[in-house]
Amino acid sequence: MSPAAPDSLAKKLNRNVRKTNARLAWAEEIPFGAALSVRRWRLGNGLDVMLLVDRSAPVVSYQTWFRVGSRHEKPGKTGLAHFFEHLMFKETKNVGPGEFDRTIESAGGETNAATWTDWTTYYENLPKDQLELAVRLESDRMANLVLQKPEVESEREVVINERRYRVEDDIHGFTNERLYATAFKKHPYRWPTIGWMKDIEGYTVRDCLAFYRTYYAPNNATLVVAGDVHEEHLLSLLQRYYGALSPSRIPREKAVREPEQRTERVLSLKQPTDTEKLQLGWRAPAFGTRDYAVLTVMDDLLTGGRSSRLHRALIQDGELASDLHGSLAPFHDPGLYELWVNARNGVKTEALLEVVEGELARLRDEPVGHDELDKAKNRLELSFLHGMETVSGKADQIGFHAAVTGDVRGAWRQLEQWRSVGPEDVADVARRTLGRARRTTIAVLPRKGGRA
């Protein structure tokens with residue numbers, strides 16, 4: 001069944017609406033892949049709505065993306081965005097403690113959330129006949145969260161224990177935190193998404209109320225709904241459940257420009273480990289840029305599987321390391337390209353670094369063969385297309401790209417960028433990005449006993 005014309009549908013749905021906040025306005029239709037499209041609407045209170053109708057399975061993915069993450073916090077109050085990811089599952093004026101999860105699960109669905117530097121997202125994947133349940137529960141906790149001392153104190157202990165487990169008692173977590181704190185001097189990316197321990201211990205109910213009333217508002221959210229959905233039914237539900245919510249005053253974000261790094265930054269950490277470890281981070285471009293796409297392909301050349309260059313040089317042939325992985329921060333602002341290597345017994349970080357630098361020199365100085373390059377690009381494309389097989393995977397891509405770059409079609413543009421990468425692009429970006437002066441180097445050395 002073809003979707004109704006936007007103008008006539010908006011007129012029909014607005015006919016009996018009295019509240020300005022509930023009035024629907026048509027925004028645009030955006031091609032998404034070869035056969036699908038995203039229809040975009042906006043409520044009068046600023047709620048952004050993106051609908052992808054996909055009837056390949058009788059399910060729906062309902063996602064709420066809030067434009068708030070750790071980079072929107074202030075020194076002394078770090079970690080609040082992550083803290084709210086926990087608090088939002090606690091209790092509202094209409095839903096008791098623990099009832100949110102139980103209700104979704106009893107309806108045959110699943111729910112979870114995630115927070116990072118630039119965004120926070122909540123999702124439900126449900127049978128299509130349970131759509132109204134997701135709309136009712138999510139609109140309720142956007143406006144009616146209970147924030148009193150018992151809720152804040154109980155969740156504070158949960159997050160404190162999470163930080164101890166994931167950071168302070170975890171060598172990789174602790175080292176990665178030091179990497180960002182060393183590589184960034186001014187930008188909010190320098191503090192961890194989970195927050196500093198001292199800040200977590202100091203949250204007050206007043207802090208939480210102020211954060212909630214500012215950022216958890218319809219004009220700071222994007223709803224992404226994908227699946228077997230009828231547009232008119234969805235939009236009428238959104239008017240009914242979200243139409244009474246008022247927008248908030250979102251503070252204007254001050255752009256922070258991180259100073260250019262001109263010399264290598266070096267740090268040595270003593271940790272309770274039997275083998276040495278190496279963490280490297282190069283200042284890298286923002287997500288969505290052409291250079292970012294080239295670096296993504298380059299990372300696959302270096303670390304993407306057993307046949308990748310560094311795996312062969314460090315693990316398979318060189319027998320210097322037991323494990324390695326690379327990652328490129330998908331941030332709104334320029335982030336880091338990270339490389340982590342675990343040495344084998346008796347191997348020094350200097351030996352690991354020598355091999356890494358040799359492989360980077362090859363990328364800069366020797367053209368990558370087309371067969372090797374095509375293999376990396378094909379592997380990235382296969383992973384991307386596999387993720388697009390489900391409605392939740394499609395919704396993830398729509399919401400993430402909308403939140404980070406504002407480009408709903410960003411996932412497909414990224415695929416096009418990968419396909420167009422040539423040997424000269426790899427060499428050029430390697431020369432400009434992966435130099436020693438742009439690098440932060442952390443050597444993790446053994447220390448017997450004690451905590452990380």
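Residue numbers run from 1 in the order of the sequence given. It should be emphasised that the depicted structure is a prediction, and the values quoted were computed from it without experimental measurement.
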Using only heavy-atom distances, determine whether the side chains of [X] and [Y] contain a donor-acceptor pair under 3.5 Å.
X    : Y    : answer
E29  : S37  : yes
D299 : Y337 : yes
N144 : D140 : yes
K375 : S307 : yes
Q414 : W412 : no
E231 : W41  : yes

Practice task
Identify which one of V229, V224, I398 satisfies the side chain to side chain contact (heavy atoms under 4.5 Å, CB included) criterion when paired with L51.
Solution key: V229
Exercise for the section: Step by step, work out the side chain to side chain contact (heavy atoms under 4.5 Å, CB included) result for K128 and V59. Expected result: CA-CA 4 Å; K128 68 175 186 177; V59 295; 5.9 Å; no
Exercise for the section: Report, as yes or no, whether the 6.0 Å neighbourhood of atom CZ on R213 holds more than 12 heavy atoms from other residues, nucleotides or ligands. Expected result: no
Does a side-chain heavy-atom distance below 4.5 Å link [X] with [Y]?
X    : Y    : answer
L445 : S268 : yes
F211 : Y216 : yes
H86  : E162 : yes
S246 : N21  : yes
Y242 : L223 : yes
H82  : V159 : yes
T115 : T121 : no
T214 : V68  : no

Distance from [X] atom [atom1] to [Y] atom [atom2], nearest 0.5 Å?
X    : Y    : atom1 : atom2 : answer
L87  : S154 : CG    : OG    : 8.0 Å
H72  : T117 : NE2   : OG1   : 9.0 Å
N342 : L352 : CG    : CG    : 9.0 Å
I200 : I194 : CD1   : CD1   : 5.5 Å
L280 : E338 : CG    : CD    : 10.0 Å
L52  : R40  : CG    : CZ    : 13.5 Å

Is there a donor-acceptor pair closer than 3.5 Å between any side-chain N or O of [X] and the backbone N or O of [Y]?
X    : Y    : answer
T175 : H172 : no
D118 : H332 : yes
W191 : S70  : yes
S139 : R136 : yes
T78  : P75  : no
T111 : Y123 : yes
K185 : E258 : no
Y212 : F84  : no

Practice task
List the steps and the verdict of salt bridge (charged side-chain N to carboxylate O under 4.0 Å, His left out) for E153 and R156.
Solution key: CA-CA 5 Å; E153 290 302 325; R156 186 202 313 277; 2.7 Å; yes
Practice task
Quick one: which residue pairs count as a salt bridge (charged side-chain N to carboxylate O under 4.0 Å, His left out) with a foot in residues 425-439, not counting sequence neighbours?
Solution key: E264-R436, E264-R439, R290-D425, D291-R432, E357-R439, D428-R432
Practice task
Just grab all the salt bridge (charged side-chain N to carboxylate O under 4.0 Å, His left out) pairs involving residues 72-95, residues at least two apart or on different chains.
Solution key: K77-D207, K90-E155
Handout entry: R141 to F89, cation-pi by 6.0 Å centre distance and 45° axis angle
Key = yes
Exercise for the section: Write out all pairs satisfying ring-ring contact (aromatic ring centres under 6.0 Å, His included) with one or both partners inside residues 138-170, taking only residues at least two apart or from two chains. Expected result: none
Exercise for the section: Could I get the full list of ring pair (Phe, Tyr, Trp, His ring centres under 6.0 Å) partners for F331, not counting sequence neighbours? Expected result: W116, Y189
Fill in the blank from the handout: Applying ring pair (Phe, Tyr, Trp, His ring centres under 6.0 Å) to Y292 and not counting sequence neighbours gives F287
Tell me the closest heavy-atom pair linking [X] and [Y], and the distance in Å.
X    : Y    : answer
R67  : N219 : NH2-O, 2.9 Å
T182 : R265 : O-NH1, 3.1 Å
D300 : R379 : OD1-NH2, 2.5 Å
A321 : V341 : CB-CG1, 3.6 Å
Q63  : S392 : NE2-O, 3.6 Å
G108 : P127 : O-CD, 3.7 Å

Practice task
Apply side chain to side chain contact (heavy atoms under 4.5 Å, CB included) to the pair L267 and T440, showing each step before the final yes or no.
Solution key: CA-CA 8 Å; L267 190 64; T440 298; 5.9 Å; no
Handout entry: Test log, rule salt bridge (charged side-chain N to carboxylate O under 4.0 Å, His left out), inputs R163 and E177
Key = CA-CA 11 Å; R163 179 178 165 82; E177 188 174 273; 2.8 Å; yes
Practice task
Could you walk me through whether V444 and E276 pass side chain to side chain contact (heavy atoms under 4.5 Å, CB included), step by step?
Solution key: CA-CA 6 Å; V444 180; E276 297 191 8; over 6 Å; no
Practice task
Give a yes or no on whether a salt bridge exists between E151 and K149, defined as a side-chain N under 4.0 angstrom from a carboxylate O.
Solution key: no
Practice task
In plain terms, say whether K377 and E372 are close enough for a salt bridge, that is, a side-chain N and a carboxylate O under 4.0 Å apart.
Solution key: no
Practice task
Would you sort out whether R42 and D48 count as a salt bridge (charged side-chain N to carboxylate O under 4.0 Å, His left out), showing the intermediate values?
Solution key: CA-CA 5 Å; R42 188 165 287 114; D48 200 19; 3.3 Å; yes
Exercise for the section: Can you sort out the partners of D54 under salt bridge (charged side-chain N to carboxylate O under 4.0 Å, His left out), two or more places apart, ordered by chain and number? Expected result: K394
Practice task
Assess whether side chain to side chain contact (heavy atoms under 4.5 Å, CB included) is satisfied between Q148 and V205, documenting all intermediate values.
Solution key: CA-CA 6 Å; Q148 297 176 353; V205 172; 5.7 Å; no
